[in-house]
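In this text, all values refer to a predicted model and were calculated from it rather than measured experimentally. All ligand and atom numbering here is 1-based and tracks the order in the structure.
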Amino acid sequence: MGTFAREIYDVVGIGFGPSNLSLAIALDEYRSEGPDNRPKPSAMFFERQPSFGWHRNMLLPTTTMQISFMKDLATFRNPVSRFSFVSYLHASDRLTQFVNNQDFFPTRQEFHQYLEWAAAGFADRVRYGTEVTGIRLPATTEAGAAEAYVELEIRSGSATRVVHARNVAISTGLVPRMPQGVQSDERVWHSSEFLDKYSRMNPSELKTVAVVGAGQSAAEITRYFYDELPHAQVYSIIPSYGYCVADDTPFANQIFDPGAVDTYYFGTDRSREAFWHYHRNTNYSVVDDEVIRDLYRRSYDEEVRGLDRLRFLNLTRVDQVKRAGDETRVSLLSSADETPELDVDAIVFATGYDGMEPTALLGDLDRYCLRDEKGRHRVARDYRLVTTPELGCGIYLQGGTEHTHGLTSSLLSNLAIRSGEIAESMIGRRAESAAETPFRRVGAGETG
Ligand SMILES: Cc1cc2nc3c(=O)[nH]c(=O)nc-3n(C[C@H](O)[C@H](O)[C@H](O)COP(=O)(O)OP(=O)(O)OC[C@H]3O[C@@H](n4cnc5c(N)ncnc54)[C@H](O)[C@@H]3O)c2cc1C
């Protein structure tokens with residue numbers, strides 16, 4: 001069979017956040033755990049950020065993880081992985097001190113350092129500063145083989161190129177959500193832009209600031225503003241009466257167990273609905289107890305001192321934001337009959353995220369992907385999109401599977417197990433289609 005100089009991988013990952021980093025580890029560790037001596041699959045990951053970064057704009061000092069350090073990239077799948085959080089602590093010569101600290105929840109800054117450390121181990125398998133702009137079937141179809149591959153269009157600066165993949169792992173992350181009609185700019189920010197936009201301001205010019213939302217990010221930014229801007233008036237605009245606490249007690253926490261994925265996936269509509277009905281307060285629009293108490297303490301201290309620098313506008317929503325030069329006027333809808341207005345120097349919308357949605361990236365390929373009666377993608381238990389037979393290539397989702405796999409879809413809790421399941425499935429498919437291909441394979445580490 002003839003060979004063509006094409007760049008082809010067993011696995012291409014779109015995005016290199018924690019999910020695909022965890023997959024890179026699972027693929028890398030496969031051989032030692034695997035049933036035989038099959039070679040490791042070739043893998044390449046494309047990440048549009050210039051270097052590894054995990055929600056960098058929310059790495060506020062003292063903010064902590066919302067999962068145990070043991071729910072790292074690998075431990076639940078492989079407790080002796082060299083990419084565990086404990087390995088990282090050991091490599092950083094901080095294991096003893098970490099244990100002395102007696103805390104299951106490291107700061108986000110420390111977890112970020114751990115992720116960067118793990119990502120550095122895959123420098124040969126990830127291309128930073130590259131964005132995948134589309135996936136399609138190859139234009140020139142080699143009889144009987146081409147449908148087992150897809151082409152991915154990769155953009156890097158003004159250059160574009162194409163790579164081929166037998167399996168694709170889409171892991172492009174959550175999508176920041178702004179209220180309808182509100183545009184972000186240099187004074188109006190989404191929380192996902194926070195530290196970057198904040199760093200471009202002169203703090204002394206921020207005399208009045210507002211934060212919209214009642215979730216974890218909103219509470220953290222409110223606290224940050226209050227502490228960092230001692231001269232500023234800080235408004236927290238919240239739709240509820242007060243912040244609601246995140247339930248991380250042991251029974252409720254079981255919904256993030258690996259086993260809960262099966263219960264959800266193979267459950268009935270009613271049981272799936274029960275997950276959301278009873279346990280939404282484990283993660284959505286809720287705040288860690290410690291942050292709530294910390295904020296309330298500040299608010300109470302203000303009262304004691306006769307100050308009013310931190311104000312909570314409860315049962316209130318933003319109706320409109322009007323911008324003119326440096327001026328920002330915010331119209332509010334409050335439970336009282338009035339519609340107050342605020343003039344602010346900056347306003348942060350900590351209004352959450354939409355789940356990952358692969359449709360745009362899939363483009364024309366989407367017509368091969370089957371959907372359920374509600375129009376959502378059908379996803380197999382191994383996280384592979386269910387497709388018509390024409391598409392032999394495996395397209396896997398890491399994220400955007402709340403409707404099939406439950407609450408852990410966008411979280412770190414089940415990463416290690418999920419990545420292991422995906423790696424296993426990809427490797428199994430590779431064994432099935434071991435037939436000779438008309439392409440030149442590019443091994444891990446080569447750029448083709
Ligand atoms: C502030 C914050 C704190 C959080 N804390 C926790 C926590 O403590 N515990 C928890 O379980 N969950 C937490 N989460 C949830 C969060 O979804 C996960 O932590 C995690 O980021 C999921 O990893 P991911 O790799 O799926 O997505 P992401 O981390 O979002 O990574 C996706 C990556 O894909 C890249 N990308 C996107 N499109 C393309 C493209 N077309 N081409 C190339 N690259 C692309 C992006 O640049 C990004 O780096 C938090 C979320 C936020 C916003």
Side-chain angles (χ1 to χ4, degrees), residues 12-24 44-60 63-69 71-73 104-112 114-116 118-119 126-135 152-156 163 168-177 190-195 213 215-221 224 246 248 253 255-256 282-284 287-288 291 350-358 360-363 383 396-402 407-416 418-419 422:
V12 162
I14 306 178
F16 200 59
S19 297
N20 269 348
L21 171 54
S22 176
L23 176 62
M44 184 56 76
F45 295 85
F46 295 95
E47 166 56 54
R48 67 180 172 200
Q49 295 188 78
S51 59
F52 184 86
W54 175 64
H55 304 301
R56 274 183 192 276
N57 286 320
M58 280 302 292
L59 291 181
L60 309 180
T63 52
T64 55
M65 295 300 295
Q66 289 163 296
I67 50 159
S68 155
F69 70 91
K71 292 187 172 179
D72 60 23
L73 297 164
F104 255 45
F105 304 96
T107 62
R108 279 216 291 272
Q109 280 175 339
E110 186 174 30
F111 205 75
H112 194 278
Y114 156 63
L115 295 172
E116 278 182 311
V126 54
R127 298 284 171 266
Y128 291 104
T130 57
E131 180 169 10
V132 177
T133 50
I135 315 174
L152 293 100
E153 192 172 272
I154 317 287
R155 190 189 302 148
S156 171
V163 301
V168 176
I170 303 180
S171 179
T172 51
L174 297 166
V175 182
R177 188 197 312 130
H190 186 267
S191 55
S192 59
E193 313 169 295
F194 180 65
L195 283 177
Q216 180 74 15
S217 294
E220 287 174 358
I221 294 171
Y224 181 82
D248 67 346
N253 216 45
I255 57 151
F256 301 121
T282 49
N283 185 54
Y284 298 86
V287 183
D288 283 352
V291 181
T351 40
Y353 295 80
D354 291 322
M356 189 183 96
E357 226 311 328
L361 204 52
L362 288 168
Y383 301 93
Y396 294 80
L397 300 183
Q398 295 234 59
T401 57
E402 280 81 359
L407 277 75
T408 51
S409 296
S410 66
L411 301 176
L412 304 173
S413 333
N414 194 41
L415 273 198
R418 181 176 74 196
S419 297
I422 293 175

Give me the residue, atom name and distance of the protein heavy atom closest to [atom].
{"atom": "atom 9 (N) of ligand 1", "result": "Leu412 CD1, 3.8 Å"}
{"atom": "atom 44 (N) of ligand 1", "result": "Arg48 N, 3.2 Å"}
{"atom": "atom 48 (C) of ligand 1", "result": "Glu47 OE1, 3.5 Å"}
{"atom": "atom 31 (O) of ligand 1", "result": "Gly17 CA, 3.5 Å"}
{"atom": "atom 16 (C) of ligand 1", "result": "Ser410 O, 3.4 Å"}
{"atom": "atom 37 (C) of ligand 1", "result": "Thr172 O, 3.4 Å"}

Counting C-beta onward and ignoring hydrogens, is there a side-chain heavy-atom pair between Phe194 and Tyr224 closer than 4.5 Å?
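Yes, their side chains come closer than 4.5 Å.
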Check whether any side-chain heavy atom of Arg418 sits under 4.5 Å from a side-chain heavy atom of Tyr383, and report yes or no.
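Yes, side chains in contact.
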Verify the neighbour count for atom CZ of Arg56: are there more than 12 heavy atoms of other residues, nucleotides or ligands below 6.0 Å?
yes
Answer yes or no: are there more than 12 heavy-atom neighbours, outside Phe104 itself, under 6.0 Å from its atom CZ?
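No, CZ of Phe104 has 12 or fewer neighbouring heavy atoms, counting only those of other groups under 6.0 Å.
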Distance filter under 4.0 Å to [X] heavy atoms, resulting ligand 1 atoms:
{"X": "Met58", "result": "1 (C)"}
{"X": "Thr130", "result": "43 (C)"}
{"X": "Gly173", "result": "27 (O), 30 (O), 32 (C)"}
{"X": "Tyr353", "result": "53 (C)"}
{"X": "Ser19", "result": "23 (O), 24 (P), 25 (O), 26 (O)"}
{"X": "Met65", "result": "8 (O)"}
{"X": "Gln66", "result": "5 (N), 7 (C), 8 (O)"}
{"X": "Glu131", "result": "40 (C), 41 (N), 42 (N), 43 (C)"}

With a 6.0 Å cut-off on ring centres, are Tyr353 and His190 close enough?
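Between Tyr353 and His190, the centre distance is under 6.0 Å.
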Step through it carefully: locate the ring centre of Phe111, locate the ring centre of Phe69, and say whether they are under 6.0 Å apart.
no
Output the distance between atom [atom1] ([X]) and atom [atom2] ([Y]), rounded to the nearest 0.5 Å.
{"X": "Leu73", "Y": "Ser419", "atom1": "CG", "atom2": "OG", "value": "8.0 Å"}
{"X": "Leu362", "Y": "Glu357", "atom1": "CG", "atom2": "CD", "value": "8.5 Å"}
{"X": "Met58", "Y": "Leu195", "atom1": "CE", "atom2": "CG", "value": "7.5 Å"}

Would one find an N or O of Arg418, backbone or side chain, under 3.5 Å from an N or O of ligand 1?
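No: no nitrogen or oxygen of Arg418 is under 3.5 Å from one in ligand 1.
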Whether the side chain of [X] engages the backbone of [Y] through a donor-acceptor N/O pair (distance < 3.5 Å, no angle test) should be reported.
{"X": "His112", "Y": "Trp54", "answer": "yes"}
{"X": "Glu131", "Y": "Arg155", "answer": "no"}
{"X": "Ser22", "Y": "Pro18", "answer": "no"}

Option nearest [atom] (shortest heavy-atom distance, choices [options]):
{"atom": "atom 13 (C) of ligand 1", "options": "Trp54, Phe52, Phe111, Phe256", "result": "Trp54"}
{"atom": "atom 41 (N) of ligand 1", "options": "Asp288, Val132, Ile154", "result": "Val132"}
{"atom": "atom 32 (C) of ligand 1", "options": "Ser22, Ser171, Pro18, Ala350", "result": "Ser171"}

May I ask whether atom 19 (O) of ligand 1 is less than 4.0 Å from at least one protein heavy atom?
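Looking at atom 19 (O) of ligand 1, one finds that a protein heavy atom does lie closer than 4.0 Å.
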